[in-house]
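Counting convention: from 1, in listed order, for ligands and their atoms alike.
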Amino acid sequence: MVAVTDGTAPVRRAPLIAGNWKMNLDHQQAIAFVQKLHWALRDAKHDKGSVEIAVFPPFTDLRTVQTLIDADKIPFELGAQDLSAHDSGAYTGEVSGAFLAKLACRYVIIGHSERRQYHHETDEVVAAKVRAALRHGLVPVICVGETSEDLEKFGASAVPVGQLQTALDGVPAGADIVVAYEPVWAIGSGQAATPQQAQDVCAKLRDVVAEKLGGDAADRTRVLYGGSVKSSNIASFMREPDVDGALVGGASLVVDEFAAIIRYQKHVGV
Ligand code: 13P
């Protein structure tokens, strides 16, 4: 996370700390969680301008969390964990980006490794979903990452780079996107990548954004790291120049832990 330049004045990419709840917390639990997190940050006098915070609850919670954020003026962005590649029609069980946009979602996670693994989402499906998100004014959080077998066979960056190249097919240069590097072996394992590993791959992913969408887009686009992020390791990732935030799973479900991750600038002095 460093200042970058657009040729005239230094530009700083706003850090983004995103909580992917996965299939956890029903809509009633979501109310309690969001309120407690908000209070914890307020009690700690967290500077809300320092870090962008986003929560990604299950679909059935979105309306409830939207209403709460709106009513209590909570400075969190809302995102969904997936969307349909289609806009409407006979697609039982799917959720259109149009519906998410109506719920004031700003973000949508696309291509999470759990969707790729359990729902057989290919790079082409991911690309179609990215285009669908953009059609509806949503910011896609495009997840890429290698398995431990990929790591052994191809090294760390080849698979995520290839996944991102396909995901960005047909994306216009001005598009607002977020990229999340999540090595599959680091997700939920307690074994995070090292900051240097994250930096190396995130820098290569930024190069892909530059190649596909141009240098301005690459300077502007946030690249997140995800995989066993905790309050004790977040600062070391955020010190890396090409890591602009984190996509947090398990630790985003624990109020004090997620608040400490959000407050990484304070408790570890980045
Ligand atoms: P963990 O933080 O639980 O490893 O999960 C990471 C993740 O998959 C976020 O999308």
Side-chain angles (χ1 to χ4, degrees), residues 15-25 29-30 33 37 51-59 61-62 65 76-83 100 105-121 126 129-130 133 138-148 150-151 156 159-160 163-164 167 177-195 197-198 201-202 205 222-238 240 243-264:
L16 172 60
I17 300 293
N20 175 9
W21 296 2
K22 308 193 180 183
M23 199 171 70
N24 295 290
L25 306 184
Q29 294 167 321
F33 180 86
L37 181 62
V51 177
E52 186 181 349
I53 302 164
V55 291
F56 293 77
F59 286 130
D61 299 8
L62 288 173
V65 176
F76 299 171
E77 297 290 348
L78 187 60
Q81 298 175 16
D82 185 33
L83 87 172
L100 301 178
C105 284
R106 173 161 165 69
Y107 295 105
V108 58
I109 293 173
I110 298 177
H112 192 281
S113 65
E114 288 148 17
R115 303 271 341 153
R116 293 176 188 264
Q117 185 182 350
Y118 305 130
H119 300 271
H120 313 291
E121 289 191 9
V126 170
K129 290 187 171 192
V130 169
L138 301 163
V139 178
V141 178
I142 306 168
C143 297
V144 297
E146 81 288 358
T147 63
S148 49
D150 296 332
L151 183 64
V159 166
Q163 288 173 334
L164 187 59
I177 62 163
V178 171
V179 176
Y181 169 51
E182 297 207 308
V184 181
W185 48 268
I187 295 176
S189 66
Q191 181 64 60
T194 65
Q197 283 172 319
V201 180
C202 289
L205 295 173
R222 270 95 50 94
V223 182
L224 314 182
Y225 167 75
S228 298
V229 170
K230 306 183 273 247
S231 60
S232 56
N233 61 20
I234 180 67
S236 58
F237 290 112
M238 296 305 286
E240 297 297 337
V243 178
D244 304 312
L247 185 54
V248 186
S252 79
L253 297 165
V254 183
V255 170
D256 290 344
E257 180 65 5
F258 194 49
I261 291 172
I262 290 165
R263 299 185 68 249
Y264 72 93

Give the numbers and elements of all ligand 1 atoms closer than 4.0 Å to a heavy atom of [X].
X: Glu182; result: 6 (C), 7 (C), 8 (O), 9 (C), 10 (O)
X: Asn20; result: 9 (C), 10 (O)
X: Gly188; result: 1 (P), 3 (O), 4 (O)
X: Ala186; result: 4 (O)
X: Ser228; result: 1 (P), 2 (O), 4 (O)

Atom of [X], atom of [Y] and distance for their closest heavy-atom approach:
X: Ala18; Y: Phe258; result: C-CZ, 4.0 Å
X: Glu182; Y: Cys143; result: OE1-SG, 4.3 Å
X: Pro160; Y: Leu205; result: O-CD2, 3.7 Å

Just to check, does Gly227 reach to within less than 4.0 Å of ligand 1 when the distance is taken from its heavy atoms?
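Heavy atoms of Gly227 do come under 4.0 Å of ligand 1.
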Against ligand 1, does Ser189 come closer than 4.0 Å with any heavy atom?
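No.
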Which part of Cys143 is near ligand 1, with near meaning a heavy atom under 4.0 Å away: side chain, backbone, both or neither?
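Looking at Cys143 and ligand 1, no heavy atom falls under 4.0 Å.
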Is it the side chain, the backbone, both or neither of Leu247 that has a heavy atom closer than 4.0 Å to ligand 1?
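The answer is both, backbone and side chain.
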Side-chain donor/acceptor of His112 to backbone N/O of Glu114, under 3.5 Å
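Between the backbone of Glu114 and the side chain of His112 there is a qualifying donor-acceptor contact (under 3.5 Å).
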Would you call the rings of Phe237 and Tyr225 parallel, tilted or perpendicular, taking 30° and 60° as the class edges?
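The arrangement is parallel - the two ring planes meet at less than 30°.
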Should one rank Ser252, Gly250, Gly249 by closest heavy-atom distance to atom 6 (C) of ligand 1, which comes out on top?
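Selected option, by shortest heavy-atom distance: Gly249.
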Pro57 and side chain to side chain contact (heavy atoms under 4.5 Å, CB included): which single residue from Leu25, Leu62, Asn24 fits?
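One option only clears the test, and that one is Leu62.
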Listed by chain and number, what are the side-chain hydrogen bond (donor to acceptor under 3.5 Å, both in side chains) partners of Tyr181, not counting sequence neighbours?
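Partners of Tyr181 by the side-chain hydrogen bond (donor to acceptor under 3.5 Å, both in side chains) criterion, ordered by chain and then number, come out as Glu146.
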